[in-house]
Amino acid sequence: MQQTLKPQDSADLRPNLRPATAWICGTCGVQFAPHQHAPDACPICLDSRQYVGWQGQTWTTPSDLNARHTIHFEDCAGVSTMVSRPSFAIAQRAFLVPHGAALVMWECLSQVTDEALRRLAAMGGVAAIAISHPHFYAAMVDWSDALGGIPIYLHAADRGWVQRPSPALRFWEGERHALSNTLELVHLPGHFEGSTGLWWKAGPRAGGSLFPGDALQVATDRRFTTFMYSYPNHIPLGPSALHRLEARVAPLQFDDLFGFSPGRQIVGDARARVAASFERYRAAILV
């Protein structure tokens, strides 16, 4: 016998018309592919290198994030950077590195604003995005789309961590990938298998600079860096991984090193300080 539905029952069976949203994890700040409902969990935060916030898994949306945060442009020892204020998630900064007449955006923020896009256009525009590892993928696809579909360079070893696919993604392999004569992506495995640094051979000062993501993290005592599998969970990098990382850094020449967050940089004599940091770390873990 055919069942007659009451009006409220009919309404309950209508398709869910809630618009798809590119949800953003409240702990790591990584954006997911658009969906009507927030994901059940963030795989990046469930990994042992990260964590789920103490209040449990939370999500936000691009519009909510822009209602509560703004993007500030700041100079750091001759390098232009962007940061979200107040800070959000991991609180990384994005670096704007000269690339011909335009810029490369190194690392990424979780929000995109019209004002920031106007500021970038006035600076010559952004030709490409490159990111060190999955913790900083943030809103990389939104940024690419807003900037005209520019390429996003990620190491192929971290392909499986991408939460929002895009035709703009460019997965590179091997130890080096040149973006120009003066900008090169360098594979620095350890923190993640695909961890990457950006080597700016010519600037901002004559000695050059290295932007290592979290492969090398500038310590609170800024005379040193450290090397960890997980920074928030205090899991050290073991001897074999340390040796492999040190071998990748050894050929690079740089005077300055710029860490992931505001204040974490070594300006001047950075190459020698990194070498001393490898020695100090090795002595500590081999006791």
Mind checking whether [X] and [Y] have parallel, tilted or perpendicular rings, split at 30° and 60°?
{"X": "Phe227", "Y": "Phe278", "value": "parallel"}
{"X": "His135", "Y": "His133", "value": "perpendicular"}
{"X": "Phe136", "Y": "Phe260", "value": "parallel"}

Could you tell me whether the side chain of [X] and the main chain of [Y] form a donor-acceptor pair under 3.5 Å?
{"X": "His177", "Y": "Tyr153", "result": "no"}
{"X": "Arg264", "Y": "Val218", "result": "yes"}
{"X": "Ser277", "Y": "Thr225", "result": "yes"}
{"X": "Thr61", "Y": "Asp64", "result": "yes"}
{"X": "Ser132", "Y": "Gly213", "result": "no"}
{"X": "Ser84", "Y": "Ile71", "result": "no"}
{"X": "Ser166", "Y": "Val141", "result": "no"}
{"X": "Trp199", "Y": "Gly208", "result": "no"}
{"X": "Trp59", "Y": "Pro39", "result": "yes"}
{"X": "Asn233", "Y": "Ile235", "result": "no"}

**Asked** More than 12 foreign heavy atoms under 6.0 Å from CG of Asp75: is that the case here?
**Response**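 Yes, CG of Asp75 has more than 12 neighbouring heavy atoms, counting only those of other groups under 6.0 Å.
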Next item on the list: Might you confirm whether atom CZ of Arg223 has over 12 heavy atoms from other residues, nucleotides or ligands at distances under 6.0 Å?
Entry: no
Minimum heavy-atom distance [X]-[Y], with the two atoms named:
{"X": "Cys76", "Y": "Thr81", "answer": "CB-CG2, 4.2 Å"}
{"X": "Gly238", "Y": "Ile285", "answer": "C-CD1, 4.3 Å"}
{"X": "Val30", "Y": "Pro134", "answer": "CG2-O, 3.5 Å"}
{"X": "Ile24", "Y": "Gly29", "answer": "CG2-O, 3.6 Å"}
{"X": "Ala102", "Y": "Gly125", "answer": "CB-O, 3.4 Å"}
{"X": "Ser195", "Y": "Asp158", "answer": "N-OD2, 3.8 Å"}

Hey, what do you get for [atom1] ([X]) to [atom2] ([Y]), rounding to the nearest 0.5 Å?
{"X": "Gln92", "Y": "Glu107", "atom1": "CD", "atom2": "CD", "answer": "7.0 Å"}
{"X": "Ser209", "Y": "Phe95", "atom1": "OG", "atom2": "CZ", "answer": "9.5 Å"}
{"X": "Tyr51", "Y": "Cys42", "atom1": "OH", "atom2": "SG", "answer": "11.5 Å"}
{"X": "Leu154", "Y": "Ile129", "atom1": "CG", "atom2": "CD1", "answer": "9.5 Å"}
{"X": "His72", "Y": "Glu115", "atom1": "NE2", "atom2": "CD", "answer": "10.5 Å"}
{"X": "Leu147", "Y": "Met105", "atom1": "CG", "atom2": "CE", "answer": "5.5 Å"}

Is any side-chain heavy atom of [X] closer than 4.5 Å to a side-chain heavy atom of [Y]?
{"X": "Leu257", "Y": "Leu216", "value": "yes"}
{"X": "Phe88", "Y": "Thr60", "value": "yes"}
{"X": "Met228", "Y": "Tyr281", "value": "yes"}
{"X": "Gln111", "Y": "Pro62", "value": "no"}
{"X": "Gln57", "Y": "Cys25", "value": "yes"}
{"X": "Phe73", "Y": "Leu96", "value": "yes"}
{"X": "Tyr229", "Y": "Ser48", "value": "yes"}
{"X": "Phe211", "Y": "Val186", "value": "no"}

Give the C-alpha distance, both sets of side-chain angles, the deciding distance and a yes or no for salt bridge (charged side-chain N to carboxylate O under 4.0 Å, His left out) between Arg244 and Glu193.
CA-CA 11 Å; Arg244 183 169 60 149; Glu193 187 57 34; 3.2 Å; yes
| request: Show the numbers, then the answer: is there a side chain to side chain contact (heavy atoms under 4.5 Å, CB included) between Val162 and Leu169? | output: CA-CA 10 Å; Val162 171; Leu169 295 174; 3.9 Å; yes
With a 3.5 Å cut-off and sequence neighbours excluded, list the donor-acceptor pairs that the side chains of residues 265-276 form with protein atoms.
unit_1 : atom_1 : unit_2 : atom_2 : d
Gln265 : OE1    : Arg93  : NH1    : 3.2
Gln265 : OE1    : Arg93  : NH2    : 2.8
Arg271 : NE     : Leu252 : O      : 3.0
Arg271 : NH2    : Ala250 : O      : 3.4

Can Leu109 and Trp143 be said to form a side chain to side chain contact (heavy atoms under 4.5 Å, CB included), step by step? CA-CA 9 Å; Leu109 302 183; Trp143 277 106; 4.2 Å; yes
Are [X] and [Y] grouped together when hydrophobic residues (ILVMFWY) are joined by side-chain heavy atoms under 4.5 angstrom apart?
{"X": "Ile44", "Y": "Val52", "result": "no"}
{"X": "Leu210", "Y": "Leu245", "result": "yes"}
{"X": "Val126", "Y": "Val83", "result": "no"}
{"X": "Tyr231", "Y": "Phe258", "result": "no"}
{"X": "Met123", "Y": "Val104", "result": "no"}

Let me see the working for Arg164 and Asp142 under salt bridge (charged side-chain N to carboxylate O under 4.0 Å, His left out), right down to the final yes or no.
CA-CA 10 Å; Arg164 187 179 180 186; Asp142 269 2; 2.8 Å; yes
Hits for side chain to side chain donor-acceptor pair (under 3.5 Å) against Arg248, two or more places apart or cross-chain, chain-then-number order -> His187
- For Arg170, what residues pass the side chain to side chain donor-acceptor pair (under 3.5 Å) criterion, not counting sequence neighbours?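 Scan of Arg170 (side chain to side chain donor-acceptor pair (under 3.5 Å), adjacent residues dropped) gives none.
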* Between Leu179 and Leu198, does a side chain to side chain contact (heavy atoms under 4.5 Å, CB included) hold up when you go through it step by step? -> CA-CA 10 Å; Leu179 298 176; Leu198 178 68; 4.2 Å; yes
When the aromatic ring centroids of His155 and Trp172 are compared, is their separation below 6.0 Å?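 So the answer is yes for these two rings.
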Fill in: Distance flag, aromatic centroids of Phe192 and Trp161, threshold under 6.0 Å
yes
query = Between Thr27 and Gln50, is a side chain to side chain contact (heavy atoms under 4.5 Å, CB included) present by the stated rule, with each step listed?
reply = CA-CA 9 Å; Thr27 302; Gln50 182 52 13; 3.5 Å; yes
For Gln217 and Asp214, what are the C-alpha separation, side-chain angles and deciding distance, and is it a side-chain hydrogen bond (donor to acceptor under 3.5 Å, both in side chains)?
CA-CA 5 Å; Gln217 190 172 112; Asp214 273 353; 3.2 Å; yes
